[in-house]
Amino acid sequence: MTGTSASAPAPAPGPVPSWYFREYAPVGVDLGSADAVADFDRNQGTDPAADDALLDRLGVTAGTRLVDMACGTGSLVVRAALRGAEAHGVDVSPEMLGFARRRAAAAAPPATPGWHHAGFLDHVHPADRPADVVTTKSALHQLPDFFKQQALRRMAAMLRPGGTLYLWDVIFSFDPDDADAEVARWLDAAGRPAGEGFTREDFEVHVREEFSTYAWIIEGMLERAGLEITDRAHPRHTHAEYVCRRR
Ligand SMILES: C[S@@+](CC[C@H](N)C(=O)[O-])C[C@H]1O[C@@H](n2cnc3c(N)ncnc32)[C@H](O)[C@@H]1O
């Protein structure tokens with residue numbers, strides 16, 4: 001591929017420019033209020049067994065340094081800490097982090113996770129302690145594409161060379177010609193009755209106000225962040241996961 005950077009440059013520490021996206025301002029579906037946080041695990045289908053399976057796939061064991069960006073209620077971070085990993089959760093929402101801290105206190109892992117009130121665009125990971133694994137699930141779509149690229153560069157720069165980035169999100173793999181029909185089909189299938197999960201209205205807000213984009217755009221961004229895609233899956237036309245290796 002031409003025009004790509006061979007490795008991820010370290011982002012400059014310090015305050016982000018004033019023209020950067022306001023990542024602490026809520027976007028789209030309400031996830032930050034106390035009620036939304038209390039309902040989040042049910043709505044999201046948070047499943048510790050699925051988290052454990054993902055950690056197995058990513059080779060997370062005792063001593064692995066893992067950073068979960070936009071960690072939400074912290075399930076993945078706590079599961080990693082329970083197996084002895086040095087686990088860090090990063091999120092812009094103090095309410096989410098409060099829930100995550102309580103989850104960790106209840107689980108009592110051998111080492112307390114690090115919790116960081118920060119975002120994709122301003123979290124500073126210490127350069128002398130590079131991560132083995134960086135994960136981000138169901139969150140990169142909170143940023144417009146220009147800033148997704150910045151976020152991916154920053155996540156790549158947190159990793160040691162050869163380290164692993166895992167990305168899961170609403171990412172579209174349908175043909176743009178089919179977009180209206182594909183989104184309509186997703187909205188018809190995904191919504192749950194209020195009180196049982198995210199509703200159809202929530203998914204409409206997601207498409208209208210959040211920034212999910214096409215797989216071919218995300219894949220170009222991953223490459224340009226200095227990441228090699230080693231595994232990809234599009235289990236639905238609306239969702240994708242990528243396992244990447246820092247070059
Ligand atoms: C849908 S939740 C996903 C949480 C978790 N990753 C999971 O899979 O359950 C999205 C999370 O992203 C967080 N978030 C939104 N924008 C963010 C940003 N710019 N930087 C870091 N976290 C962000 C929200 O506070 C929320 O906790």
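Whatever order the structure lists them in is the order used to number ligands and atoms, beginning at 1.
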(message) Applying salt bridge (charged side-chain N to carboxylate O under 4.0 Å, His left out) as the test, list every pair that has at least one member in residues 20-32; sequence neighbours left out.
(response)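 For residues 20-32, and leaving out neighbouring residues, there are no salt bridge (charged side-chain N to carboxylate O under 4.0 Å, His left out) pairs at all.
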(request) Decide whether Leu54 and Leu82 are clustered together by the hydrophobic rule: side chain heavy atoms of Ile, Leu, Val, Met, Phe, Trp, Tyr closer than 4.5 Å, transitively. (result)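 Leu54 and Leu82: separate clusters.
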(request) Would you mind checking if Arg208 and Glu201 are paired as a salt bridge, meaning a charged N to carboxylate O distance below 4.0 Å? (result)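 Answer for the salt bridge query: no.
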(request) State whether Arg83 and Asp52 are salt-bridged, where the test is any N-O pair (Lys NZ or Arg NE/NH1/NH2 against Asp/Glu carboxylate O) under 4.0 Å. (result) yes
Please produce the table of protein N or O atoms sitting under 3.5 Å from N or O atoms belonging to ligand 1, one pair a line, distance to 0.1 Å.
{"unit_1": "ligand 1", "atom_1": "6 (N)", "unit_2": "Ala70", "atom_2": "O", "d": "2.7"}
{"unit_1": "ligand 1", "atom_1": "6 (N)", "unit_2": "Lys137", "atom_2": "O", "d": "2.9"}
{"unit_1": "ligand 1", "atom_1": "8 (O)", "unit_2": "Lys137", "atom_2": "NZ", "d": "3.2"}
{"unit_1": "ligand 1", "atom_1": "19 (N)", "unit_2": "Glu23", "atom_2": "OE1", "d": "2.7"}
{"unit_1": "ligand 1", "atom_1": "20 (N)", "unit_2": "Phe120", "atom_2": "N", "d": "3.0"}
{"unit_1": "ligand 1", "atom_1": "25 (O)", "unit_2": "Asp91", "atom_2": "OD1", "d": "2.6"}
{"unit_1": "ligand 1", "atom_1": "27 (O)", "unit_2": "Asp91", "atom_2": "OD1", "d": "3.3"}
{"unit_1": "ligand 1", "atom_1": "27 (O)", "unit_2": "Asp91", "atom_2": "OD2", "d": "2.7"}

(message) Using a 4.5 Å cut-off between side-chain heavy atoms of Ile, Leu, Val, Met, Phe, Trp and Tyr, which other residues end up in the same hydrophobic cluster as Val92?
(response)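 In the cluster with Val92 are Tyr24.
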(message) I'd like to check the side chain to side chain contact (heavy atoms under 4.5 Å, CB included) partners of Ala85; sequence neighbours left out, ordered by chain and number.
(response) Val60, Thr64, Ala80
